Student: 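Take this structure first; my questions come after.
All of these numbers come straight from a predicted model, not from anything done at the bench.
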Amino acid sequence: MSVAFLGTGIMGAPMAANIAKAGLGVRVWNRTRAKAEPLADVATVAHSAASAAEGADTLVTMLADGPAVAEAFEAASPAPGTLWLQMSTVGLDWTDRLAAAAEKAGVVFVDAPVLGTRQPAEQAQLQVLASGPEEARPKATPVFDAVAVKTQWLGPAGQGSRLKLVMNAWVLALTNGTAESLGLAAALGVEPSRFLETIKGGGLDAGYAHVKGAAMLSGEYPPSFPAGLAAKDARLVVEAAGDDVDGAGARAAQSHLEAAVEAGHGEEDMAVLYRAVLKSR
């Protein structure tokens with residue numbers, strides 16, 4: 001089994017490495033070649049998306065957004081019958097567009113975004129939200145098993161992206177809510193760390209709040225998931241909610257994230273939205 005892996009950023013690089021370590025032949029490509037070069041010990045670094053995809057029976061895309069995925073897929077021009085595991089978070093409209101492109105090219109399309117950030121990706125502890133034709137499952141499983149601790153198969157293509165948006169709404173709300181609680185504590189003269197100490201071990205506890213809260217309190221934001229990508233995900237959640245759901249929480253997170261990006265913090269972790277919550281900063 002040979003895998004062409006397009007996109008070796010914060011998430012893609014460890015995912016590609018884990019697929020190679022599982023014994024699958026992997027060719028990697030990234031628009032910025034320097035981000036793919038560290039994988040040369042475990043995979044073949046291709047000079048183009050087309051050379052990565054040539055002869056591969058499975059194509060994996062892990063890129064920033066829908067347009068980037070569409071461009072890479074077109075450049076790769078995979079052969080008819082290739083299995084395409086589209087693991088990027090691109091939202092509903094782009095998932096439909098990519099599925100249509102796959103059908104036109106005679107490619108088998110599986111919509112399979114992942115839950116998790118850099119550390120789970122490095123540890124092969126992601127969760128895959130897979131959706132697509134049942135006949136694709138046996139061939140997709142070795143790839144998913146190499147990167148994930150859990151895979152859910154959710155039905156026709158598109159269901160994976162729908163659940164991913166639901167999960168992203170929760171992650172955004174939790175991160176933004178943590179930032180606002182810490183900010184309010186500071187404004188009221190309460191030591192912000194008291195908030196994290198108080199929720200610890202109780203019914204209100206959430207491990208994610210401690211991880212992001214610690215970054216907020218330290219003022220150090222090494223990227224586990226960059227704010228720029230989180231802002232994109234917030235926009236996708238808001239778009240998906242449409243007129244059916246009042247996604248005020250997602251809009252608040254989007255506003256704070258976009259403010260952080262505009263201030264030059266787009267490459268830092270999404271917890272940097274705390275800077276936008278604290279108006280005095």
Student: Is it true that V69 and L85 fall in one hydrophobic cluster, defined by side-chain heavy atoms closer than 4.5 Å?
Tutor: no

Student: If we ignore hydrogens and angles and just use 3.5 Å, is the side chain of N30 paired with the main-chain N or O of T8 as donor and acceptor?
Tutor: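 Checked: pair present.
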
Student: Could you tell me whether a side-chain N or O of N176 sits under 3.5 Å from a main-chain N or O of L172, the two making a donor and an acceptor?
Tutor: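 Flag not set: sc N176 to bb L172 has no pair under 3.5 Å.
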
Student: Quick check: do T151 and T141 have side-chain heavy atoms less than 4.5 Å from each other?
Tutor: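 Not in contact.
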
Student: Just checking, any donor-acceptor pair under 3.5 angstrom between side chains of S48 and S51?
Tutor: yes

Student: Among R118, E122, E267, K35, find the residue that satisfies the side-chain contact (heavy atoms from CB on, under 4.5 Å) test when tested with I10.
Tutor: R118

Student: Say whether D233 and T89, considering side chains only, have a donor N or O and an acceptor N or O under 3.5 Å apart.
Tutor: no

Student: Given side chains that start at C-beta, do those of V110 and F144 come closer than 4.5 Å, heavy atoms only?
Tutor: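 A side-chain contact under 4.5 Å exists here.
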
Student: Hey, what's the ring geometry for W84 with F109, parallel, tilted or perpendicular (30° and 60° as the breaks)?
Tutor: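 W84 and F109: perpendicular rings.
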
Student: Quick one: do the Q159 and S161 side chains pair a donor with an acceptor below 3.5 Å?
Tutor: no

Student: Would you say the side chains of K212 and T175 form a donor-acceptor pair under 3.5 Å?
Tutor: no

Student: Which heavy atom of T82 sits nearest to which heavy atom of A56, and what is that distance?
Tutor: OG1-O, 3.9 Å

Student: Which residues satisfy the ring-ring contact (aromatic ring centres under 6.0 Å, His included) test with W94, sequence neighbours excluded?
Tutor: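 None.
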
